Amino acid sequence: MTMLLNCIFARMNFETIEAVKELLSQPQKIVIVPHKNPDGDAIGSTLALWHFLENRGQESVIIVPNDFPKFLKWMPGCDSILNFERENTQAKAKIEEASIIFTLDFNHLGRVGQMQSYLEEASASFVMIDHHQAPSDYAKIMYSDVNMSSTCEMVYNFIESVAGVEHITSAMASCLYTGIMTDTGSFKFRSTTGRTHRVVADLIDKGAENTQIHHKVFDTNTPQRLRLLGCALKNMVIREEYRTAYITLSQDELDEHNFQKGDTEGFVNYGLTLEGIIFAVIFIENKEEGIIKISLRSIGDFSVNEFARSHFNGGGHNNAAGGRSELSLEETASHFESLLENYHEQLKP
Ligand SMILES: [Mn+2]
């Protein structure tokens with residue numbers, strides 16, 4: 001099995017399924033890796049896969065490149081996740097001795113930060129499960145589909161194909177539900193299909209406590225975060241002539257509101273709740289890394305993936321992408337303003 005196996009279908013294709021079954025027919029040492037700054041889909045998909053592999057008697061461990069938000073730390077199994085920054089020696093040893101490395105919710109080894117060189121040197125076979133655009137070809141087995149709502153929906157398909165959905169426990173169902181919910185903006189983004197809803201329905205039947213999960217993920221405001229949101233909304237600049245709204249947050253403003261990791265999650269989406277706005281962006285200053293972190297969202301055909309790739313060293317999906325800038329916050333915002341004119345045709349009302 002040396003050929004590169006591609007899958008561009010919603011479900012996994014036959015060769016990919018057979019290749020995975022063959023790999024898992026032997027006892028393996030498995031490492032599962034999500035992208036840096038893991039979100040609900042990254043943590044949900046890696047945990048669900050980890051439960052599945054553990055239940056099949058495979059020795060497996062999740063290694064996150066860095067920490068993940070507190071609102072995900074209730075998820076079943078998350079206490080056994082290794083953090084590459086915190087448990088560095090142990091994590092490196094696991095990567096070195098791994099026979100299989102699953103990479104989930106990303107498709108380029110540059111997305112794992114400090115872990116990159118260790119993954120590149122690993123002797124393990126790579127299996128990719130991911131729904132982002134333009135996968136690079138480090139994986140022996142690729143299950144890549146940009147039409148999927150989430151990596152969690154893909155892990156559901158993966159388990160269905162490899163073993164059958166009866167192997168999905170209530171713990172796994174909760175993990176998968178969380179990732180689909182967060183990556184689809186609570187089942188409303190364009191990537192949400194009838195199939196997505198059927199998967200989610202089945203996950204509820206299998207024990208995902210949907211009401212509880214929404215509550216645990218979304219109702220976690222602190223007074224500081226709500227006031228930071230107030231600050232972000234006050235800073236919002238609205239350019240109706242380009243159907244665009246953007247927010248800036250400086251390091252000083254973050255510090256003033258006792259910023260905790262994850263606090264700005266979802267802020268970018270407020271721009272899109274304005275009538276007529278189809279393009280929303282947030283620029284967040286990070287003095288420690290010396291960069292401006294950028295999140296971009298759109299409604300409809302305007303591709304923020306293309307925009308982020310062309311101008312801000314990033315990418316993602318058509319309607320949700322990320323990027324970065326090495327200019328100052330003010331310079332980044334004015335550079336962004338100057339770019340809008342180039343997109344006048346697509347953005348004009
Ligand atoms: Mn995802």
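Both counts, for ligands and for their atoms, begin at 1 and track the order of listing. None of the values given here were measured: they were computed from a predicted structure.
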N/O donor to acceptor pairs below 3.5 angstrom from side-chain atoms of residues 23-33, sequence neighbours left out:
unit_1 : atom_1 : unit_2 : atom_2 : d
S25    : OG     : E22    : O      : 2.6
Q28    : OE1    : S99    : OG     : 2.7
Q28    : NE2    : L23    : O      : 2.8

Sequence neighbours excluded, which residues qualify as salt bridge (Lys or Arg N to Asp or Glu O under 4.0 Å) partners of K73?
D67
Under a 4.0 Å N-O cut-off, is there an ion pair linking E256 with R227?
no
Listing residue and atom name, which protein N/O/S atoms are closer to the Mn ion (ligand 1) than 2.8 Å?
D41 OD2, D105 OD1, H131 NE2, D183 OD2
Show me the donor-acceptor pairs within less than 3.5 Å that the side chains of residues 113-123 make with the rest of the protein, sequence neighbours left out.
unit_1 : atom_1 : unit_2 : atom_2 : d
Q116   : NE2    : E120   : OE2    : 3.0
Y118   : OH     : K92    : NZ     : 3.4

Taking NZ, NE, NH1 and NH2 as the nitrogens, is one of them in R190 or D301 under 4.0 Å from a carboxylate oxygen of the other?
yes
Residues D183 and H131: side-chain donor-acceptor under 3.5 angstrom:
yes
